[in-house]
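Within every chain, numbering begins at 1; the chains are lettered A, B, ... in the order of the sequence lines, protein sequences first and strands thereafter. It should be emphasised that the depicted structure is a prediction, and the values quoted were computed from it without experimental measurement.
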Amino acid sequence: METSCSFLSCDHDDDERSWTMEDYAGAIPRWCPGCGDHAILAAVERLLETEQLPPERTVFVSGIGCSSRFPHYLTTYGFHGIHGRALPIATGVKLRRPDLHVFAVMGDGDCCSIGAGHWIHAVRYNVDMVALMLDNGIYGLTKNQTSPTTPQGHPSNTQPKGSHLMPLNPLSATLGVSNASFVAQTADWMPAHVYATIAAAFRHRGFSFVRILQRCPQYTDDLFQEAVRNPNLVEMLVHPDGVDAPELEKIFKNRRVHDPKDLDMGRHLAEPFDRIRLGIFFRDESRQRYEELRHQRIHTAQERIDRLNEEFEKYAV
Amino acid sequence: METSCSFLSCDHDDDERSWTMEDYAGAIPRWCPGCGDHAILAAVERLLETEQLPPERTVFVSGIGCSSRFPHYLTTYGFHGIHGRALPIATGVKLRRPDLHVFAVMGDGDCCSIGAGHWIHAVRYNVDMVALMLDNGIYGLTKNQTSPTTPQGHPSNTQPKGSHLMPLNPLSATLGVSNASFVAQTADWMPAHVYATIAAAFRHRGFSFVRILQRCPQYTDDLFQEAVRNPNLVEMLVHPDGVDAPELEKIFKNRRVHDPKDLDMGRHLAEPFDRIRLGIFFRDESRQRYEELRHQRIHTAQERIDRLNEEFEKYAV
Amino acid sequence: MSSSSPVVTKKARASKDAAGPVVIRVPEHTVEIVSDSGEGAQKCGQIFGQVSAKMGNGAWTVEIIPAEIQPPARSGPGASGNRIRIGTQPVTNWGDAANLVVAFNEQALLARHELEALHEDAIVLVENRWATHDDDDIRREWTTAMEVLGKQDYRIIPVPMEEQCLTVTDNPRRGKNMFVLGMLAWIYDRDIELIRDAIRQSFRKKAEAVARANIELMELGYRWAEANLDFRVEVPIEKPPTPMIVLNGNQALAMGAVAAGMDLCAMYPITPATSVSHYLGEIFEDFGGIVHQAEDEIAAAGVAIGASYAGKVAFTVTSGPGLALKTEFIGLATMTEVPLVVLDVQRGGPSTGLPTKVEQSDLLAALYGQPGDAPKVVMAPATIEECFHMVVTARRIAELFRCVVMVLTDANLATGVQPFPRPQLDPRWQAAPPDLRPVPEGVKPYDWDPASGLSRRFIPGQPGGMHTLTGLSHDEYSHVGYSPDVHERGCAMRSRKLAVFQTTLKPPGVYGDTKGDLLVVGWGSTKGAIEEAVDRARARGLRVSSLHLRILSPLEPGLKEIFSRFRKVATVEINYSDRLGDPYITRENRRLGQLAWLLRAHTLVDVDCWTRVPGQPLRPKGILEGIESMMPGGHA
Amino acid sequence: MSSSSPVVTKKARASKDAAGPVVIRVPEHTVEIVSDSGEGAQKCGQIFGQVSAKMGNGAWTVEIIPAEIQPPARSGPGASGNRIRIGTQPVTNWGDAANLVVAFNEQALLARHELEALHEDAIVLVENRWATHDDDDIRREWTTAMEVLGKQDYRIIPVPMEEQCLTVTDNPRRGKNMFVLGMLAWIYDRDIELIRDAIRQSFRKKAEAVARANIELMELGYRWAEANLDFRVEVPIEKPPTPMIVLNGNQALAMGAVAAGMDLCAMYPITPATSVSHYLGEIFEDFGGIVHQAEDEIAAAGVAIGASYAGKVAFTVTSGPGLALKTEFIGLATMTEVPLVVLDVQRGGPSTGLPTKVEQSDLLAALYGQPGDAPKVVMAPATIEECFHMVVTARRIAELFRCVVMVLTDANLATGVQPFPRPQLDPRWQAAPPDLRPVPEGVKPYDWDPASGLSRRFIPGQPGGMHTLTGLSHDEYSHVGYSPDVHERGCAMRSRKLAVFQTTLKPPGVYGDTKGDLLVVGWGSTKGAIEEAVDRARARGLRVSSLHLRILSPLEPGLKEIFSRFRKVATVEINYSDRLGDPYITRENRRLGQLAWLLRAHTLVDVDCWTRVPGQPLRPKGILEGIESMMPGGHA
Ligand SMILES: Cc1ncc(C[n+]2csc(CCOP(=O)(O)OP(=O)(O)O)c2C)c(N)n1
Ligand SMILES: Cc1ncc(C[n+]2csc(CCOP(=O)(O)OP(=O)(O)O)c2C)c(N)n1
Ligand code: SF4
Ligand code: SF4
Ligand SMILES: [Mg+2]
Ligand SMILES: [Mg+2]
């Protein structure tokens, strides 16, 4: 993400401060014990620390859901918005303030159900931010309703006989959107991989969509249990341009070379399959970024007045 | 589409009536001269007549836009809804009344911008209906604003220096959605192909998404001009299971065999390319249809009372 | 009083003082059970309330809900549980304070104390393991809490809940609630067989052994209480004359929809409305109905409108933020005259606000939220019984008047549990199956009766009825209108229906004398608490009456006349209002409670208000104070 | 009077009656130009109005807009054009009826006649080619129309517009409007050079030849009129003392946003609001601003909120259906106290309603549309000048009070064109650039002044200010609140700000005597028409005054006192209200105009109303009738 601050007269760039993990910690997380969100938060804190992002120049925007409590648990700027609408808010922030590091944190219901329209369009705008979708395959906060990513047959309070439809594949959907520039998947139970993936997302200039498979012991306890226990159920997408988490090499033996430039293959790999694939499905640094296309020089009050007076001339009596 | 009427005690199925094109005509269309919507309306009337759909059992639902005036110009049941929301209304109609033939007519802004969330989910629900997206690459009714499908660089009233972003590809986006079952493209200036495509869409049991390239002489006059003049700029996707419009064979020489079963290839073919591709990109009759999964037997008033009394027992004091 | 199968052994009894326990005989008693979230106090309370009601006590159960799935353990705000108020007579509200509290930890207890939830001489049964916990901090917290609580007049009885449970289970955290249930069963002499049934019902989806283990724990609690406690409480039972059922408000709404013959509930999850769909999710298919969880609230409204248009009235159910999203579609339904029932289970606002807590602040948004003139019927049940019946009525009005009917309940009704007379179901309550007979020649899609604005709608499938509905201004043929008259006329026809409906209504009754010094006006879930407060005020000699509104749009007739017989009129609402005396607040700029505002415009009477937004139901005691402060001559 | 460069040759003049034309000298005159959509009557009218204003006439231009892009040719509802009322004094509204009408076909003319748009002795210039058209139907239509029109006292002058145009162009349909402009230029003796400039400006995006051809056509019309017409109209010019500019309301809103230093307009297209963004789309980047066309209205609100949160106040602009969709986000901005300006250009409702037509029916939705208690400032400009200045004010209030400010205009202001004093721009009107200095130790994100509720917000980038905004109920630290007090307090702080703002306001002035029989109260675009009607009523001896509200929430002070000095108070609104005397309508169930309703609740005065929803601006004449009908003792 862009860190230049040309546009505002601030001078934090050359400051001498440095931050530790603790500096980024916020309120004590109130997620259930064993909730995958804890690990994701830790990975994000690690990223902030590694990249030494000034807390005041970092903004986490979220929707509503268990996952969307995220910003409260960090000491950065945060905006816990409304359900499904994290992305428009985050877009507004970044459009106005390209100097800020913007993260959007969403749940699967938040992003793929009520927020679906914004999601599609955020992918298309390709505004530089990291979008994390914490996918537990269920509505957590509202206590167990089917989400678009709930596996078919999995019962919930609104579909007690099991989810009716096959789940929506958020990767395929994202990859279907023109101007998509970064699509990756990781899983909460592999902190090193989560870290490496969001680090790659952060480095990517554009809208980086990361789906994080997230355990919800409360409502979808069985969803990833097998995959957690059996590393063979996971296939790692690897590539020199991909996610680098060497410490995982030993555990996860299923490795498949995939060049993130290959969109057709990325789409193909995103399709359901008997294993869970993690890594970068697609990346294209050359896609146009909306905030860059729209970037404007800031004008002084007097410049504005002069220009407006000129405009008045056209309409003068 | 399903035509059984088991669920209501009506007996039109075996009626002896027959309908002519005139029977389906409604108010005089108020589209601009040369507007592609006229031809699409004619093709739809032809379909109604060919299939002899009883006007009272046929419902056209639309949003708001030039294109969404469609239902007014037919003598069937119609619901000219609100901008972007044709699909939820149509879904409600079909869920409640599987015996009806349901069509949804939308503009590109209607479907891909404000209606994007519903569109993604309608594809996923795969409720049996024909969804026509009349894509003129612009907001017509509100007089010339950029739509998600406006070609990059094309000026409009809101983006006078030209559309900022590359256009959204509605075919790719639809093909990215899990449970997609029918995705096709046609163009208003080839009435035979429009007809053949919507006929195939109508025959498909499921959500049939048809993007119709539509000329808007008022605001995007140049959009398809070249393709209209030069049939070589068009590539027809053909296949025994595809669209059949033999009268076009002579004019459109670029023909490419594509099996609609092949999703990977369908996605690949949907990607931007120097020609306009028309035909069926993907079809899968086996996808589950939400209204079928959810279908319920209708209960008599007494059955309901009895059952509710049983339920009361559980809570009886 | 009955206790069918004695689980209590002679031996256990023998260990007690020969004189036996003191029996506290009272016309009503209020119990609270509070635990950490996940420890099951709610289930315990629900069963206790249900069984009490089944035995014939009046009962009202209110859930104490933390705002989060998993709040920190042993934290005040995280306290989860129930209050159950039982009585010889019907109970209409949660009352003021608890007479008996069972707390799984002292922090939850302390929080309830701080919220003034305990009666001054409450009996408290509290888990004692924290007193001797390994963790210094916890022991210290215990001591500090006990010091505070010790200063009160409570009778605090430490109970070795966990220790006891460990004798039959190795996960006491999951079983403690049943132990407590058993204690309560002994204290209040509840029917053990009914309790066993309830436990079985509650665990019906789990393995049978689970229910068995829970029953065992319950019986353990029963025996422990018998052996160790020196008091019992007797709330005499007077069997009600009619058969009763016990439901919470959301179940009642759901059953009402079934009784109304509706068969599509289109919704998107949102607290505290969602449980309507949970309950329907379980039973609706048995009635040929389906719950459609849409992609968002907008789509839910659209699907309901589509389904209504295509046949029978469908409904959508939501709460504040979801209502906001349905605004545009509600306007469309109004304009096209597609009947639609919208259930709004109110929670605290604005915005995400207090998702699990009660408030009555959607009133004006329901009435006026839609841009343009969008007349609709707005109703509000005051009791759980009315939740049931009002959905039936709403469906009929929506159909007859081709309009939107909004039913406003709230988080208090949603989760409150109360027995009420079992409805005698009537087939005429149900929507008729779609009638597909041809439309008679010449009938127009809006064949408005020029006086009343009423017309019959056609539905798809009816030969000869083809027309296109539109949200644009339109004439009788549903053709888009281009002349000024068309719009004036459409507006008038849609508005006129409300006037017609209003003329069918009777003036509301006054609770208490029909004249006096103060008339308290309320709506929705506050009825029981208001009337109890009025009773107490009258007992103190105050000339106060109350009036409860069920129909907010159009307003019920006769209000001005009724108001004129009182020196002062004031609303009581769970709504924000500015208070006179606060900085900057003047009589002129004071923002009043939403109902007060409405009544002022309607009657031109200087309606005052006493409002609070505590995120919990109002207490009779609080309202009584409000009444006293507002008595003409008082200081409000 | 000036006509800089004479285009009129001696020869042309010579062909006229030597006596020269009759000159009608009047203090004001109203012209209508109507054509089929696409024939350019609007452009002709706009230039005529603009040039008239530039010359120093008072002027008011109203667009006559068909509902569709391409209505059928020669159809009444499809008539497109302008009315331009010019005067020696400033003109504040579109008046009653046209004194001169130029019609491109007789059907458009007939439609205007039927809408009573023509003065009884109007002069009519009508294209004559239809009289001799090849198509029998068309000739018949012409004859029928002329019969109807012939019965009136109009002076009808057929003009061979097309025939004339064909002498210089082969596509007369596209050039006729310029021919007409030329005729008008001669009739009203307009400054030809100004007209040429305006034509050039208007075609600046096209090839230069286009402007040239149009100027040629204009000059042709001028010469034709000079040669053939026997009358001219003189509306004397009194140069206004200050420099003036001529804008329509949407341009004024857009320029106001620029003057306020805003640099993000997030919107989604919707009539009649969109042209704000069209205009900004052209100029905003020159100021460092951008127009963001979002995927829908919800996203537009979200982007504006995000941008505001991140620095300077941003705004969103919409109309009814879009406002409905922004409801939830407006609640969030209110709750989080993120300043936000929402411009709502009202159109006819409910639902899609009358997309291009004026109405004032979003008032209550603006005030009360959000579930929960969502206090916000609602303002409404009454003139185009106020459109400009109110955006500047709105931005400042939003920032100072950390609140949502809604500015309601309407389709009449949006497209109306009027000269007003050129604003003297002030740098202090502009939002300061984001201040990123560290937050002083100890300052909380909601450091509410306990009396006023005011606090300073921090924005991202300020060291030490890190906090998380939330739509949940929260305390000063923006921490989610779990106790009743937190919610009560938050509600009070948000509400208090309105009271503080209200105490800074002055009572509105009364137009006319400050006491009398009837006080007419209005808001928004109706001011000019109301005051003109009041003038006329007073001229007839009626004791009527008027009062115009600009701030609707909180209401301006002193209303009750002002009202008390009149025997009767009534609003005039472009809103629906039930009429007494209509079936079923009683004093009790009558639904009043939205402003009337608001004022009743606020003042407890029995405010009556006279309202119409014709989809066009009210006429002074109509209001005058309303006033007469409502005079105490009158029959309302
Ligand atoms: C407009 C609106 N609709 C519904 C809700 C209720 N709601 C809160 S969170 C949520 C879904 C939570 O699921 P998800 O997004 O998957 O997040 P999770 O809790 O699983 O992390 C819903 C439906 C709301 N707050 N606002
Ligand atoms: C909620 C809402 N937002 C905006 C509008 C205004 N509006 C009407 S049609 C339209 C877009 C039309 O474009 P498209 O959907 O492509 O249809 P077309 O007119 O091109 O056929 C818009 C923005 C509206 N009616 N309602
Ligand atoms: S409910 Fe699930 S997602 Fe929510 S905090 Fe608990 S474990 Fe996590
Ligand atoms: S504006 Fe374009 S889309 Fe609309 S009717 Fe005219 S040509 Fe067709
Ligand atoms: Mg989730
Ligand atoms: Mg379009």
Side-chain angles (χ1 to χ4, degrees), chain C residues 67 77 320-321 323-325 327-328 331-332 334-335 348-354 361-362 364-365 368-375 451-452 471-473 480 482 484 487-488 491 495-496 498-500 502-503 554 557 575-576 578 583-585 588-589 591 597 600-601 604 606 613-616, chain D residues 67 77 320-321 323-325 327-328 331-332 334-335 348-354 361-362 364-365 368-375 451-452 471-473 480 482 484 487-488 491 495-496 498-500 502-503 554 557 575-576 578 583-585 588-589 591 597 600-601 604 606 613-616:
Chain C
L323 181 65
L325 289 169
T327 307
E328 192 192 5
L332 178 70
T334 305
M335 187 60 141
S351 195
T352 314
L354 295 171
S361 54
D362 295 353
L364 293 177
Y368 302 122
Q370 297 71 36
D373 187 53
S452 67
L472 285 161
S473 194
V480 180
Y482 297 103
H487 190 56
E488 291 269 8
C491 285
S495 183
R496 194 69 54 74
L498 279 207
V500 174
Q502 194 264 358
T503 59
N575 264 338
Y576 176 76
D578 291 329
Y584 293 98
I585 304 302
E588 187 177 45
N589 68 25
R591 298 177 62 248
W597 190 250
R600 288 165 75 90
L604 301 177
D606 188 1
V613 282
Q616 14 172 293
Chain D
L323 181 64
L325 289 169
T327 306
E328 194 194 4
L332 178 70
T334 305
M335 186 59 140
S351 194
T352 314
L354 296 171
S361 53
D362 295 353
L364 293 178
Y368 303 122
Q370 297 72 35
D373 187 54
S452 66
L472 285 161
S473 194
V480 180
Y482 298 103
H487 190 56
E488 291 270 9
C491 285
S495 185
R496 194 70 54 73
L498 280 205
V500 175
Q502 193 264 358
T503 58
N575 264 337
Y576 175 76
D578 291 328
Y584 293 96
I585 304 302
E588 188 178 43
N589 67 25
R591 298 177 62 248
W597 190 251
R600 289 165 76 89
L604 300 177
D606 188 0
V613 281
Q616 14 172 292

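- Nearest heavy-atom pair, D/Pro583 versus C/Arg496, reported as atom, atom and distance to 0.1 Å: O-CD, 3.1 Å.
- Heavy-atom distances place no part of D/Pro554 under 4.5 Å from chain C, backbone and side chain included.
- The greatest number of non-hydrogen atom pairs below 4.5 Å with chain C, out of D/Val500, D/Thr334, D/Leu323, D/Leu498, is found for D/Val500.
- Heavy atoms closer than 4.5 Å to chain C are found in the backbone of D/Gln370, but not in its side chain.
- Between C/Met335 and D/Pro350, the shortest heavy-atom contact is CE-O, 3.4 Å.
- Of the listed residues (D/Ala499, D/Gly471, D/Pro484), the one with the most heavy-atom contacts under 4.5 Å to chain C is D/Gly471.
- Across C/Pro371 and D/Ala365, no two heavy atoms sit closer than the pair N-CB, 3.7 Å.
- Note on D/Pro375, D/Gly615, D/Ala374: by heavy-atom pairs under 4.5 Å with chain C, the leading option is D/Pro375.
- The CD atom of C/Gln502 sits 12.5 Å away from atom OH of D/Tyr584, with the distance rounded to the nearest 0.5 Å.
- When each of D/Asp362, D/Ile585, D/Leu472, D/Leu332 is checked for heavy-atom pairs under 4.5 Å with chain C, D/Leu472 comes out on top.
- A donor-acceptor pair under 3.5 Å is formed between the side chain of D/Glu488 and the backbone N or O of C/Val613.
- Checked by atom type, the side-chain pair C/Asp578/D/Ser495 shows a donor-acceptor distance below 3.5 Å.
- Counting heavy-atom pairs closer than 4.5 Å to chain C, the top-ranked of the candidates D/Pro557, D/Gly349, D/Gly353 is D/Gly353.
- No other option in D/Ser452, D/Cys491, D/Gly320 has as many heavy-atom pairs under 4.5 Å with chain C as D/Cys491.
- When all heavy atoms of C/Glu328 and D/Pro321 are compared, the pair lying nearest together is OE2-CB, 3.6 Å.
- In this structure, the portions of C/Glu588 lying under 4.5 Å from any heavy atom of chain D include both its backbone and its side chain.
- Note: C/Leu604 leads C/Thr327, C/Asp606, C/Leu604 in heavy-atom pairs under 4.5 Å with chain D.
- Most heavy-atom pairs under 4.5 Å with chain D, from the set C/Ser361, C/Ala324, C/Ala601: that is C/Ala601.
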